[in-house]
Amino acid sequence: MENLVVTCVQKGINLPVELEDILKNCKSMTLFNSTDELAVAATGGVANHEFVVSYETEGMGVISEAVVHRVRNGISANYTDPYMRRRDPDTMAIADDQPSDKERFADKYNYAFDDLRSSTFDWLKKQDLAMFFFFAGRDGIGAGGVAVAPANAAFFAMGLSMLQQIIPIDELPDGFEVKSVIYVAPPFRHTHFNGKQVVVHNRLEQVHEMFSYNLYPGPSAKKGLYGVLLSQGEKENWVTTHCSTVQVVSPYDNITTFMHEGASGGGKSEMLQHIVREQNGQILIGENTKTGERRLINIPLFCTFNPVTDDMALCHPSIQKKNGRLRVLDAENAWFIRVDSINQYGDDPFLEKITLNPPKPLLFLNINTTPGSTALVWDHIEDTPGKKCPNPRVILPRDIVPGVMNKPVSVDVRSFGVRTPPCSAEAPSYGILGLFHLLPPALAWLWRLVSPRGHANPSIVSSGGMESEGVGSYWPFATGQMVHHANMLLDQIANTPRVRYTLTPNQYVGVWKVGFKPQLLMREYLTRRGDAQLRPDQYQPARSSLLGYELNYLTIEGAKIPSRFLQVYRQPEVGEEGYDAGHRILMEFFRNELKKYDNPALSPLGKRIIDACLNDASVEDYVSLLDR
């Protein structure tokens, strides 16, 4: 501790007073300087291949949180409670009195946070602690911070150190600002929150405190620090968007950069995946859930691509250029990749190869392993006998991803992904989206306000129905005011007139099970076209005005996509009646969600766009509202 204090003084680094007090009075403290060191500590040393993370919990005895295995390709952690294997969307509570539309801690739990804050600090003082410095963001854009966790939760600290870059103390720049601190205290999940995942944000004048009362990285190490970036951006008027980004190169050397946004399960990570061929080399578009018919096409050559971001993109003013396009930079140091779509060897050769024999230790979650084995991304743990966990994960450092882009890129196409259920005349739903749709900018903004979480989301604890993830699809992680974010997103769209907007489903197109093929085929098609405009007869206003323009025909390398995948009402199992019922479901959802933005702080343009939607605007109306 003395060496740490001396180094901080020499470098002009000010630690929060509360943190210094904890470090001076704790049972012991180990300062970690690398992810490799944390990987060693994750099982209590390299000689140990299995470690149980458990805590003496007041009134409940010893509670085990996770079982950690040292495996050949890294560290594998499995939670003893199936609830902890997915992110609970209702984790956030705001402890401070700064402007926020989120629920305050005192209102949510009927007592002030100050007492719990003190109790948390007291508990940490009784522990052997792990600590490290990190930077949330990239290339100097973001917030420096410190993480403090019980030493036996080193697997959790390892994940955080991968997602947001750990900084060795010797490499800390002079004057390094500690703008955020993460305090990890798992037993409080049981003693204070009835077993629920809870993350408390306390935005003080000098530092953003985050209290993680659980060991699942999703709501804290991942989305909690996302909240820190969003809070900083809200103050400085810039956004960290919820998206993957990929630079795609066609067989004819066209280069198109896609930014794919959407709620959890909306296909962000999948936008960075390769299309997998059938055994005969063909591409399966989808399978009819009513008849069993399979529709396949032939594409001789695929596009190649360079990944840019997986989930979070900095849209900072310092990287923007006046070229009419939005420029983005990855906000993460590693990617939290869901591998539920990989169910057997060969489903995703790229990800399988890179995770089987990585150049550095990876962290696997919800993967079935034994001590000393190799973690296989297709071998998912079971929540109950015969029922696999829907949210297996691997944390993949971006610097081991081939072709990854390390500089800002200009976006050509901003797509929005929606997880859709099957739709038929007998059971209508909002699964009426065709393979992809073209959106006017004003309508693209509306989709980012309502952000449907969608059907059978594998990543979070939910009812399974259509729910909103809120403005930008990042609202569950934001600490501030919803309308301010809506205004920032609208300004962003209005100020980037050369960006095109699309909408694409995943899982189902009508009665056809399609997985993530729609967005991947869109990626192939639009990259081949480059800046070339579609022919006027190729598209028309969609039957549902909320879907912008629908395609009349689509051909990729001579392979024609059947119209039933482009215009869902052409499917005999759906028809116009089933489609129109689905439109009404979607319209009701939009009306309910857009009412939340009835606020004097909303920009005049935003109010006109929302009013137009609530009055059944046509596609042409949306075009005229933001004519660029």
Side-chain angles (χ1 to χ4, degrees), residues 18-19 21-23 25-32 38-45 48-70 75-88 91 93 105 109 111 113 115-132 146-161 181-200 209-222 224 363-366 371 381 461:
E18 297 88 348
L19 176 58
D21 183 48
I22 291 170
L23 298 178
N25 294 286
C26 66
K27 188 176 179 182
S28 72
M29 187 276 289
T30 302
L31 178 67
F32 288 88
L38 285 163
V40 170
T43 58
N48 297 328
H49 285 74
E50 184 171 21
F51 185 81
V52 178
V53 181
S54 60
Y55 298 95
E56 180 69 41
T57 305
E58 185 177 351
M60 301 180 187
V62 176
I63 295 181
S64 297
E65 292 284 355
V67 178
V68 183
H69 293 157
R70 183 171 303 283
I75 297 295
S76 172
N78 282 304
Y79 300 94
T80 55
D81 181 356
Y83 160 78
M84 285 298 298
R85 298 169 190 164
R86 302 166 76 181
R87 176 172 61 85
D88 190 326
T91 60
F105 183 92
Y109 298 107
Y111 63 93
F113 180 65
D115 290 343
L116 179 59
R117 182 173 181 262
S118 297
S119 298
T120 305
F121 292 159
D122 290 341
W123 181 85
L124 288 168
K125 291 175 186 176
K126 299 174 184 176
Q127 310 304 311
D128 297 303
L129 297 180
M131 170 185 164
F132 64 89
V146 176
V148 180
N152 69 343
F155 86 91
F156 174 90
M158 174 189 175
L160 170 55
S161 76
V181 180
I182 299 179
Y183 298 104
V184 183
F188 289 77
R189 176 168 79 92
H190 305 284
T191 57
H192 289 69
F193 302 115
N194 196 30
K196 297 296 184 181
Q197 300 171 23
V198 171
V199 176
V200 180
E209 292 182 341
M210 195 173 71
F211 294 82
S212 178
Y213 294 115
N214 71 94
L215 289 179
Y216 181 52
S220 47
K222 171 74 172 172
L363 178 62
F364 299 87
L365 299 174
N366 306 328
I381 197 172
V461 179

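One is the number of the first residue; the rest follow in order along the sequence. Bear in mind the structure is a predicted one, so any value in this text is a computation, not a measurement.
Minimum interatomic distance between Ala185 and Thr120 (heavy atoms only, all atoms of both residues): CB-CG2, 3.8 Å. Considering all non-hydrogen atoms of both residues, Leu124 and Tyr183 come closest at CD1-CD2, 3.8 Å. Between Val40 and Arg70, the closest heavy-atom pair is O-NH2, 2.8 Å. Scanning both residues, Ala221 and Phe156, for their nearest heavy atoms gives CB-CZ, 4.1 Å. Counting all heavy atoms, side chain and backbone alike, Leu19 lies closest to Val146 at CD2-CG1, 3.9 Å. Scanning both residues, Ser64 and Val52, for their nearest heavy atoms gives OG-CG1, 3.6 Å.
Taking CD of Glu56 as the reference point, atom CD1 of Ile63 lies at 9.0 Å (rounded to 0.5 Å). Taken from CZ in Phe364 to CD1 in Ile381, the straight-line distance is 14.0 Å, to the nearest 0.5 Å. Note: Ser161 OG to Phe132 CZ = 5.0 Å, rounded to the nearest 0.5 Å. To the nearest 0.5 Å, atom OG1 of residue Thr30 and atom CG of residue Leu129 are 8.5 Å apart. Annotation: the span from Asn78 atom CG to His69 atom NE2 amounts to 7.0 Å, rounded to 0.5 Å. Rounding to the nearest 0.5 Å places CE of Met84 at 4.5 Å from CD of Gln197.
Sparse packing is recorded around CD of Glu58, with 12 or fewer heavy atoms of other residues, nucleotides or ligands lying under 6.0 Å away.
Take Arg189 and apply the salt bridge (charged side-chain N to carboxylate O under 4.0 Å, His left out) test, not counting sequence neighbours, and it matches Glu65, Asp81. Annotation: ring pair (Phe, Tyr, Trp, His ring centres under 6.0 Å) contacts of His192 (sequence neighbours excluded): Phe188. For Ser118, there are no side chain to side chain contact (heavy atoms under 4.5 Å, CB included) partners at least two apart in sequence or on another chain.
Looking at heavy atoms from C-beta onward, Glu50 lies out of side-chain contact with Val68 at the 4.5 angstrom threshold. Side-chain atoms of Arg117 and Glu209, non-hydrogen and from C-beta on, do get closer than 4.5 Å to each other. Contact annotation: the side chain of Pro187 approaches that of Trp123 to within less than 4.5 Å [non-hydrogen atoms, C-beta and beyond]. In this structure, the side chains of Pro217 and Leu160 stay at 4.5 Å or more apart for every pair of heavy atoms. Looking only at side-chain heavy atoms (C-beta outward), Asp21 and Phe121 stay at 4.5 Å or farther from each other. Leu116 is listed as a side-chain neighbour of Phe105, based on a closest heavy-atom distance under 4.5 Å. Contact of the Phe155 side chain with the Phe51 side chain is not registered, since no non-hydrogen atoms from C-beta on lie closer than 4.5 Å.
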For this session: Decide side chain to side chain contact (heavy atoms under 4.5 Å, CB included) for Met210 and Val199; before the verdict, give the C-alpha distance in whole Å, the side-chain angles of both, and the deciding distance to 0.1 Å.
Result: CA-CA 7 Å; Met210 195 173 71; Val199 176; 3.5 Å; yes
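Checked by atom type and distance alone, the side chain of Tyr79 pairs as donor or acceptor with a backbone atom of Leu215 at under 3.5 Å. Distance alone, capped at 3.5 Å, is enough to place a donor-acceptor pair between the Asn152 side chain and the Ser54 backbone. Here the side chain of Thr43 pairs a donor or acceptor atom with the backbone of Asn48 at under 3.5 angstrom.
Of the N and O atoms on the side chains of Asp88 and Tyr216, not one donor lies less than 3.5 Å from an acceptor on the other residue.
Because its NZ or CZ atom is not both nearer than 6.0 Å to the ring centre of Tyr213 and within 45° of the ring axis, Lys196 does not count as a cation-pi partner of that residue.
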